[in-house]
Amino acid sequence: MSFLLTSKPLTRRRLLAGAGASGVVLVAAPALVRHAAAQAWRAGDPFCLGVASGAPRADGFVLWTRLAPDPLSSNPATPGGMIGGDVTVGYEIADDPGMREIVRHGEAVAEQAFAYSVHLDVRGLQPGRPYWYRFLSGDAASRVGRASTLPAPGAGLERLRFGFVSCSNYEHGYFSAYRHLADENPEVVLYLGDYIYEHIEERRPVVRAATLPTYRNRHAQYRLDPDLQRVHAEVPALITWDDHDVQNDYADKWSQYFDDPELFLLRRAAAYQAFYEHMPLRPIMSRPEGPRMRVYDRFTFGDLIEISMIDGRQYRSREPCYAPPDKGGMHLETNAGCPERLEAGRTMLGFAQETWLHSNLAHSKAQWNLIAQDVLMAQYRVKQGGADAFSTDNWDGYPANRTRLLKRIQQTQVSNPVVVGGDIHSFFANDPKLDFTDPASPVVATEFIGTSISSHGPPYEVIAPALPDNPHVHFFESRRRGYVCVDLERTRMQVRMRVVSDAADPKADISTLKTFAVEGGRPGVVAA
Ligand code: FE
Ligand code: CA
């Protein structure tokens, strides 16, 4: 039975409580209700930024939208063209894409403090099945989105298709890769960072987002893209971030540009808040508090796979041998030039997250265990003046933490560990080892890095010559844009590296560049 809320007046209410026992956001008593001036959205479509679902659980998920009738409003006092206090919007959740069999309906709050975004944490649904949803406000209705609940923990699951993506730079190309990924009907898409780029390098001087209104508008600009809107409307999202969601190569409170750390934390707070405002993250966990925001999270798909989504930026140690840009720093250091890189106390994950991840690995009962994170984990050494040199922004800048994690994987004998990442705008297929320089060192996991959605790749001719010095790397390609689509079965993972014909073409087509596999019980890349 259909139940429409459009006949009810649009109301604005103060938020009283963050979440009730059901996890659904509560609103204040009717005494505080006042009627909105405009039930008709004459100024523009309030749902023009689309809808998204994410953070799935066995009994629910988070549904997202953001009211923005004037999405790129230049007035910081009226984000998205909205004025006044919190706004309630209606929502409907249905059994069918036609929204005929409504199984849940009610009201959600678009919070003024968070740019009128909605993070509706829905619980109490059935496990392992799709639902469809939409939001309603006055005479406006959002597009219909698809969400799904996870299979119950431990429930038998035979297969899962998922995609992973990173690095969508608006100025570098169209987001055709998002459209083609949606066409493959994955159950979930993992967003591994650089969802936005905070700077526009094509402008001179370079334009950088630095404040809440500018980060908000950068997100809104991306969210207006039709291919991006489609993949979010059709496929649930698991989300983490990388540096460009805040600032290139930042680490915790340490800016690439040597900003005062206290000032940089103000920028980080603005970037984190705008990120939260535009992502289907769980409000009870991810609502930012100043410059702090938790995004690392764990998702269990029945007995088939457990996914740990990792935050590789917020808690990491300062880049080793941190020095002003006029040093000519290429973020590439040798052991002799930078002993700090090898210090045992350096951390990529921070103590709390590292403990949490180690616990996940020790306790998981899933067939496959995915560590989904932002940057290249395998070592990649290049020659610099005859010596081995290492990038300091990825795990090569944090080798002690990498060794602890790989040893933990080996000690726990966690079933079928696989690492995925992004950041480097290249495909990689790697065999992570306890000691990358020792050919006899055992392979303890398998790693796949996905290329960028649109961001330009690093020069192939600079990186490829070092491949013979890195025999644990089976494949590298930096010249193509796309994503990775994974078909998982109980005893086999198939990994397709998918590439668009031309990121500069909004109608680009898609093909498979390379296919690899992982066989259950045997870590390491195999040909497929
Ligand atoms: Fe990137
Ligand atoms: Ca990055």
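Whatever order the structure lists ligands and atoms in, that order sets their numbers, starting from 1. For reference, positions follow the sequence shown, starting with 1.
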Start with the C-alpha gap between Thr347 and Asn401, add the side-chain angles, then the distance that decides, and say whether side-chain hydrogen bond (donor to acceptor under 3.5 Å, both in side chains) holds. CA-CA 6 Å; Thr347 181; Asn401 198 163; 3.2 Å; yes
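- Geometric assessment of Arg402 against the ring of Trp395 yields a negative cation-pi assignment under the 6.0 Å and 45° thresholds.
- Screening the protein for N, O or S atoms under 2.8 Å from the Fe ion (ligand 1) yields 4; no waters enter the count.
- Under a cutoff of 6.0 Å and an axis angle of 45°, Arg66 and Phe114 do not form a cation-pi pair.
- Salt-bridge formation is not detected for the pair Asp487/Arg492: no Lys NZ or Arg NE/NH1/NH2 atom is positioned less than 4.0 Å from an Asp or Glu carboxylate oxygen.
- Ring orientation note: the planes of Tyr272 and Trp241 are close to parallel, at an angle under 30° on the 30°/60° scale.
- For Arg223, there are no salt bridge (Lys or Arg N to Asp or Glu O under 4.0 Å) partners, not counting sequence neighbours.
- Both the sub-6.0 Å distance and the 45° axial angle are satisfied by Arg294 relative to the ring of Tyr296.
- Surrounding CD of Glu202 are more than 12 heavy atoms belonging to other residues, nucleotides or ligands, all under 6.0 Å away.
- Each salt bridge (charged side-chain N to carboxylate O under 4.0 Å, His left out) pair with one or both residues in residues 335-358, not counting sequence neighbours, appears once here: Glu340-Arg346, Glu354-Arg404.
- Around the Ca ion (ligand 2), the protein atoms of type N, O or S found under 3.0 Å away are Asp194 OD2, Asp242 OD2, Asp243 OD1, Asp423 OD1, listed by chain and number.
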